[in-house]
Structure formats: structure tokens, C-alpha cells
Amino acid sequence: MKSLLTPLLASPELPDFLDELHRVVALENQRRQRFYDELTEDDKFEFINGQVIMHSPALHRHNIVRHHLATLLRVFVEQHNLGIVCDEKALCVFPRNDYEPDIVFFGPRKARLIGPDTMKYPVPDLIVEILSPSTARFDRGVKMQDYAAHRVAEYWIVDPDRETVERHRARDRHYSKVRAQKTGAIASEAVAGFEIPVRAIFEEKASAAALRKILGASSP
């Protein structure tokens with residue numbers, strides 16, 4: 001951030017820049033309030049950099065992948081009383097933008113802020129985005145930058161076409177570069193103890209086996 005501010009702070013036009021920024025932010029805040037006022041439960045909308053983004057319905061493979069991972073994560077979290085998992089329709093409010101990620105996890109501290117009537121969720125501790133042709137540029141662009149800048153501890157990017165998953169961990173408001181995994185196991189730092197085979201995200205039998213393991217490990 002300092003590198004971005006340095007030339008502005010040294011410029012004699014700084015007051016003019018500030019006036020323009022205030023104008024842009026004020027207009028954006030008006031649009032954002034209108035976005036909240038018109039928000040419904042029927043469609044998936046996000047507010048990104050002053051624009052309302054409506055996403056197309058997901059392909060079936062996208063829904064299958066989300067179902068597998070969300071089920072495994074939710075069951076594990078509920079079994080160990082670790083917080084709350086939501087998949088879709090959870091509007092997460094960041095300082096500038098509003099997102100509805102595919103899957104989110106809130107640890108105990110943030111889970112206490114969520115009640116039955118919550119419509120605007122806090123910044124999650126873990127976010128999973130499942131790539132699609134219409135969302136990939138956001139998922140790898142502004143969302144990735146925003147998630148890291150506002151301390152989303154962990155960010156998973158799942159590619160249902162290539163059947164890979166990337167686990168990005170936040171370090172100094174940036175995500176470390178990682179290799180996409182197609183096989184092996186993947187574990188979470190944000191959700192302590194959660195570890196599954198990568199194939200359990202994409203394959204029915206592997207997902208069912210991983211679910212049995214989670215339930216079995218949780219049995220008395």
C-alpha cells in the first residue's frame with residue numbers, strides 16, 4: 001500500500017486526487033446501499049468495486065463438487081463444534097465489496113456474530129471458490145486480492161474441469177503460491193484437523209468413504 005501512496009503523497013495535485021476519491025467513494029456507497037435495499041434470496045448477486053454482478057446458474061459438475069466438499073466440511077465442523085459452514089447464499093461483507101462465495105467457514109469467534117436473522121455475514125476464516133467460466137477472473141483476481149488483504153486465513157480454489165484444488169494460505173496479507181493438487185490429501189489450517197483426499201471432492205465413492213471416516217472418527 002505504501003508503494004501506491006508514495007507518488008500521490010509527493011504530488012502537488014494531492015488535494016484534487018482526494019476530492020475525486022471522496023466523490024467516487026460516495027457514489028459507490030450509494031450504489032451499495034441500493035444493492036442492499038434490492039437484495040433478495042432468489043438470485044446470486046455480488047457487489048464488486050461499485051458494480052452489481054449477477055452470476056449465471058451453475059453447471060451440474062459445479063454443484064456436485066460443492067456438495068461433496070461442503071458436506072464433508074460441515075459434518076466435520078459440526079462434529080467437533082468448530083464453528084459454522086455455509087455453502088452459497090451467505091453474503092460476506094468486506095470493507096468495499098460483498099461476495100457470496102461457494103463455501104465459507106467461520107470459526108468460533110465469528111460464529112458467535114451469526115444468528116437466525118443474519119443476512120450480512122462477517123469476513124470468513126476459510127473461503128472456497130469453485131471455478132466457472134463466468135467467475136474465474138474474479139476468483140483469481142479481485143476476490144483473491146480482497147480475501148488476502150482482509151485476512152481470510154485460507155483460500156481454496158477448486159477447478160471442477162481439471163479436477164484440481166489449490167490451498168492458499170495468508171501470509172502478510174498475501175497468499176503464498178501453491179501447486180494445484182489432483183491427488184493425495186489436502187488439509188486445512190483454518191479448520192483444525194480437517195483433512196480429506198483430494199479425490200473426495202470430485203468422486204462420489206471417495207467422498208462417501210471420507211464421510212464415513214469423519215463420522216467414524218467422531219463416534220464414541
Side-chain angles (χ1 to χ4, degrees), residues 1-9 11 17-18 20-33 35-36 39 44-56 58 62 65-66 69 73 85-107 109-110 113 120-162 164-181 186 188-191:
M1 184 181 293
K2 287 183 179 179
S3 62
L4 293 174
L5 290 176
T6 298
L8 291 177
L9 293 174
S11 172
F17 290 136
L18 285 176
E20 179 63 12
L21 284 172
H22 285 308
R23 187 188 69 80
V24 170
V25 170
L27 287 173
E28 195 168 294
N29 286 339
Q30 291 176 13
R31 293 194 199 104
R32 195 177 192 184
Q33 186 56 55
F35 167 75
Y36 291 148
L39 201 60
K44 181 173 180 177
F45 290 99
E46 297 181 310
F47 188 85
I48 302 177
N49 291 351
Q51 301 298 319
V52 177
I53 307 298
M54 182 178 71
H55 294 293
S56 303
H62 183 287
V65 166
R66 187 183 71 244
L69 183 51
L73 184 59
V85 173
C86 300
D87 61 304
E88 287 234 302
K89 312 310 292 181
L91 187 72
C92 299
V93 177
F94 283 67
R96 184 181 182 187
N97 300 317
D98 301 282
Y99 306 109
E100 286 193 357
D102 289 301
I103 304 171
V104 291
F105 162 75
F106 304 93
R109 183 178 64 83
K110 292 181 180 178
L113 304 174
K120 298 177 186 177
Y121 289 77
V123 173
D125 297 300
L126 164 68
I127 289 179
V128 179
E129 294 284 13
I130 301 167
L131 297 179
S132 68
S134 64
T135 66
R137 67 187 178 95
F138 294 112
D139 296 338
R140 293 194 180 278
V142 63
K143 287 187 177 185
M144 193 171 194
Q145 296 170 14
D146 210 352
Y147 296 167
H150 294 99
R151 304 185 186 281
V152 176
E154 200 166 308
Y155 178 35
W156 291 22
I157 297 178
V158 180
D159 188 329
D161 293 325
R162 294 185 172 86
T164 60
V165 58
E166 304 166 16
R167 182 170 66 94
H168 300 267
R169 291 170 291 177
R171 297 290 185 270
D172 298 324
R173 300 198 179 198
H174 291 88
Y175 286 125
S176 54
K177 291 183 179 180
V178 296
R179 178 178 58 84
Q181 286 185 243
I186 186 166
S188 172
E189 286 186 0
V191 185

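By convention here, the first residue in the shown sequence is residue 1. Since the model is a prediction, treat every value here as computed from it, not as a measurement.
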Asker: I would like to know whether K44 and M54 meet side-chain contact (heavy atoms from CB on, under 4.5 Å); could you show each step before the answer?
Answerer: CA-CA 6 Å; K44 181 173 180 177; M54 182 178 71; over 6 Å; no

Asker: Taking all heavy atoms of R96 and all of F47, pick out the closest pair and write down the distance.
Answerer: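 Looking at all heavy atoms of both residues, the closest pair is O-CD2, 4.0 Å.
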
Asker: Report yes if some heavy atom in the side chain of E154 is under 4.5 Å from a heavy atom in the side chain of D125; otherwise report no.
Answerer: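 No, side chains not in contact.
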
Asker: So which heavy atom on C92 is nearest to which on P101, and how close?
Answerer: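 Looks like SG-CD, 3.9 Å.
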
Asker: Let me confirm one number: the CG-CD distance from L21 to E28, rounded to the nearest 0.5 Å.
Answerer: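 The distance works out to 11.0 Å.
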
Asker: Taking all atoms of both residues into account, what is the closest heavy-atom pair of S188 and A190, and its distance?
Answerer: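 Closest approach of S188 to A190, heavy atoms only: OG-N, 3.2 Å.
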
Asker: For the residue pair V123 and K110, what are the closest heavy atoms and their distance?
Answerer: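 What the structure gives for the nearest pair is O-NZ, 2.6 Å.
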
Asker: So for atom CZ, which belongs to R31, do other residues, nucleotides or ligands contribute more than 12 heavy atoms lying within a distance under 6.0 Å?
Answerer: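 Enclosed.
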
Asker: Looking at NZ of K89 and CD of E100, how far apart are the two atoms once the value is rounded to the nearest 0.5 Å?
Answerer: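 Going from the NZ atom of K89 to the CD atom of E100 covers 4.5 Å.
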
Asker: Are the side chains of V142 and Y99 in touch, meaning some heavy atoms are under 4.5 Å apart?
Answerer: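 V142 reaches Y99 side chain to side chain.
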
Asker: About how many Å separate CG of L131 and NE2 of H62, when rounded to the nearest 0.5 Å?
Answerer: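 Reported to 0.5 Å precision, the distance equals 8.0 Å.
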
Asker: Side-chain contact, heavy-atom cut-off 4.5 Å: I53 with H55?
Answerer: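 Heavy-atom side-chain distance check passes, below 4.5 Å.
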
Asker: Do L126 and L73 make a side-chain contact, defined as non-hydrogen atoms from C-beta onward lying under 4.5 Å apart?
Answerer: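 A side-chain contact under 4.5 Å exists here.
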
Asker: Nearest heavy-atom pair of H174 and D172: which atoms, and what distance?
Answerer: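 Heavy atoms of H174 and D172 come nearest at ND1-O, 3.0 Å.
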
Asker: Within the 4.5 Å heavy-atom criterion, are V93 and R32 side-chain neighbours or not?
Answerer: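 Heavy-atom side-chain distance check passes, below 4.5 Å.
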
Asker: Would you give the length of the straight line joining atom CD1 of I103 to atom CZ of R66, rounded to the nearest 0.5 angstrom?
Answerer: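 Atom-to-atom, I103:CD1 and R66:CZ are 7.5 Å apart.
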
Asker: Name all residues meeting the side-chain hydrogen bond (donor to acceptor under 3.5 Å, both in side chains) criterion together with R171; count only those two or more places apart in sequence or in a different chain, and write none if there are none.
Answerer: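 Partners of R171 by the side-chain hydrogen bond (donor to acceptor under 3.5 Å, both in side chains) criterion come out as none, since no residue qualifies.
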
Asker: To the nearest 0.5 Å, what is the distance between CG (D139) and OG (S134)?
Answerer: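 Interatomic distance, D139 CG to S134 OG, rounded to 0.5 Å: 8.5 Å.
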
Asker: When you check the side-chain N and O atoms of Y147 and E129, is any donor under 3.5 Å from an acceptor?
Answerer: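 Yes, because at least one side-chain N or O of Y147 sits under 3.5 Å from a partner of the opposite role on E129.
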
Asker: For a side-chain contact (heavy atoms from CB on, under 4.5 Å) check, start with the C-alpha distance between R167 and E189, then their side-chain angles and the critical distance, and finish with the verdict.
Answerer: CA-CA 10 Å; R167 182 170 66 94; E189 286 186 0; 3.9 Å; yes

Asker: Do the non-hydrogen side-chain atoms of E166 and V178 ever get within less than 4.5 Å of each other?
Answerer: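 They are in contact (side-chain heavy atoms under 4.5 Å apart), so the answer is yes.
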
Asker: Working note: F35 + F45, criterion ring-ring contact (aromatic ring centres under 6.0 Å, His included); need CA distance, chi angles, decisive distance, verdict.
Answerer: CA-CA 9 Å; F35 167 75; F45 290 99; 7.1 Å; no

Asker: Would a 4.5 Å heavy-atom cut-off, applied to side chains only, mark L91 and Y36 as touching?
Answerer: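 Side chain of L91 against side chain of Y36, heavy atoms only: contact under 4.5 Å found.
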
Asker: Do the side chains of R140 and I157 get nearer than 4.5 Å, heavy atoms only?
Answerer: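 In contact.
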
Asker: Which value, rounded to the nearest 0.5 Å, describes the distance between D102 atom CG and W156 atom CH2?
Answerer: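 Output value for this atom pair is 13.5 Å.
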
Asker: Looking only at heavy atoms, which two atoms of C86 and Y121 are closest? And how far apart?
Answerer: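 Scanning both residues completely, I find the closest heavy atoms to be SG-CE2, 4.0 Å.
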
